[in-house]
Amino acid sequence: MNSAWRVGLLAWALWLPLSPWAQTVQVVTETTPFVFMQDGKIAGPATEVLEKTLQLAGIKDYRLNMYPWARAYDMALNEPNVLIYLLGRTPEREAKFQWVGEFMQIRYYLYKLRERVDIRASNLDAARQYTIGVMRDDLRHQYLQQQGFTRLVMSAQTTENFAQLLKRRVDMVPLSEAGAEAQCRATAFDCAGLERVLTLDALTTGVYMAYSLATPSAVVQRTQAAFKQLKANGTVQRTMETKATVSKAP
């Protein structure tokens, strides 16, 4: 299908009636530099994009909840009418979700405490000897497992994982640049005390919103069409770029 036909079909999808399929959409997420609690509500640039997308798609019946990543991911894998964000898109996940649209690209690094001069790794082989803190079922957990890392310490939340690093219970943690900055702000830790050890080039990926497989195609198509409009008019990029000034994420 060429791009012109695809654009046409997505635009047409916004006109499809939803009433025959209308059910509450469970929207699930986790705390990130782009999704966080503010004044008792789930906020952040990615949440703003999400809500604008659903509004444009005419999807008013939805519930937004923040969970530990493993729970959110499990719901999106196994339950109907679940929309998850921000989800890294990998070949292993491709057939497990109905993908809506990409928020942005993210690159990950292995970070250590700068004072830990005993930690040196110029490649993955050298990094395997160290203890790495990860979040259960997160993209980084899955990737490192696939690469033969066995000394993985799992946490439920990013904040817990970063605390393991500060307490020297793990040697390194995989974070994006924005993620490292957010954790430093949340813990009042000077980011100058962190040091990048290794770039995880294979983990550079787009982060998306995506529906569970057991979600009606009409709902998916309308959401895809709405997101595509917001992407085309620059709303997605402009909103996500505001994270540098508004993010209060842990």
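The same ILVMFWY cluster, assembled from side-chain heavy atoms under 4.5 Å apart, contains both Trp99 and Leu77. Neither Val82 nor Val219 shares a network with the other; the hydrophobic side chains, linked directly or stepwise wherever heavy atoms of I, L, V, M, F, W or Y lie under 4.5 Å apart, form separate groups for each. Residues Leu110 and Leu139 share a single hydrophobic cluster, defined by chaining ILVMFWY side chains whose heavy atoms lie under 4.5 Å apart. No continuous path of hydrophobic side-chain contacts links Phe34 to Tyr67 [ILVMFWY only; heavy atoms under 4.5 Å]. Following chains of ILVMFWY side-chain contacts shorter than 4.5 Å, one can reach Val35 starting from Phe227, so the two form part of one hydrophobic cluster.
For the pair Leu203/Pro174, no side-chain contact is recorded, criterion being any heavy-atom separation below 4.5 Å from C-beta on. For the pair Arg169/Val153, no side-chain contact is recorded, criterion being any heavy-atom separation below 4.5 Å from C-beta on. The shortest side-chain heavy-atom distance between Tyr143 and Asp138 does not fall under the 4.5 Å cut-off. Taking the side chain as every heavy atom from C-beta outward, Glu51 and Leu64 approach each other to under 4.5 Å. Looking only at side-chain heavy atoms (C-beta outward), Leu194 and Arg114 stay at 4.5 Å or farther from each other. When side chains are defined from C-beta on, Gln224 counts as touching Gln221, because their heavy atoms get closer than 4.5 Å. In this structure, Thr239 and Lys52 have side chains that are in contact, with non-hydrogen atoms separated by less than 4.5 Å.
Defined by atom type and a distance below 3.5 Å, a donor-acceptor pair is missing between the side-chain atoms of Thr199 and Asp201. No donor-acceptor contact under 3.5 angstrom links the side chains of Arg151 and Gln129, judged on distance only. Side-chain N/O atoms of Glu241 and Gln237 include a donor and acceptor closer than 3.5 Å.
Atom CZ in Arg63 sits 15.0 Å away from atom CG in Leu83 (nearest 0.5 Å). Summarising the geometry, atom CG belonging to Asp125 is positioned 5.0 Å from atom CG belonging to Asn123; distances are rounded to the nearest 0.5 Å. With rounding to the nearest 0.5 angstrom, the CD atom of Gln98 is 9.5 Å from the OH atom of Tyr211.
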Run the numbers on Thr205 and Gln105 for side chain to side chain contact (heavy atoms under 4.5 Å, CB included), then give the verdict. CA-CA 5 Å; Thr205 186; Gln105 288 272 318; 5.5 Å; no
Any chance you could lay out the side chain to side chain contact (heavy atoms under 4.5 Å, CB included) test for Val173 and Val134, step after step, and finish with the verdict? CA-CA 7 Å; Val173 293; Val134 294; over 6 Å; no
Worked check of side chain to side chain contact (heavy atoms under 4.5 Å, CB included) between Arg140 and Leu175: CA-CA 9 Å; Arg140 290 155 285 186; Leu175 291 167; 4.2 Å; yes
Walk me through it: do Met104 and Val236 pass the test side chain to side chain contact (heavy atoms under 4.5 Å, CB included)? CA-CA 9 Å; Met104 63 189 299; Val236 174; over 6 Å; no
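Shown here for Asp137 and Gln142, the closest heavy-atom pair between the two residues is O-NE2, 3.3 Å. Minimum heavy-atom separation, Ser155 to Gln164: OG-CG, 4.0 Å. Taking every heavy atom of both residues into account, Ala156 and Pro68 meet most closely at O-CB, 3.7 Å.
A side-chain contact (heavy atoms from CB on, under 4.5 Å) with Met172 is found for exactly one of Thr131, Val197, Leu198, Leu113, namely Val197. Tyr85 pairs with exactly one of Thr32, Thr53, Thr47, Val207 by the side-chain contact (heavy atoms from CB on, under 4.5 Å) rule, that one being Thr47. Of the listed residues (Lys112, Arg120, Arg116), just one forms a salt bridge (charged side-chain N to carboxylate O under 4.0 Å, His left out) with Asp171, and that residue is Arg116. The residue from Leu54, Val27, Thr223 that alone fulfils the side-chain contact (heavy atoms from CB on, under 4.5 Å) condition with Met209 is Thr223.
Using a 4.0 Å cut-off between charged side-chain N and carboxylate O, Glu102 and Arg89 make no salt bridge. Taking 4.0 Å as the cut-off between side-chain N and carboxylate O, Glu115 and Arg168 count as a salt-bridged pair.
Below 30°, between 30° and 60°, or above 60°: for Phe162 and Phe189 the angle between ring planes is above 60°, a perpendicular geometry.
Atom CZ of Arg136 sits in a sparse spot, with 12 or fewer heavy atoms from other residues, nucleotides or ligands closer than 6.0 Å. Within 6.0 Å of the CD atom in Glu92, the count of heavy atoms belonging to other residues, nucleotides or ligands exceeds 12.
Looking at Arg93, its side chain does come within 3.5 Å of a backbone N or O of Gly88 through a donor-acceptor pair.
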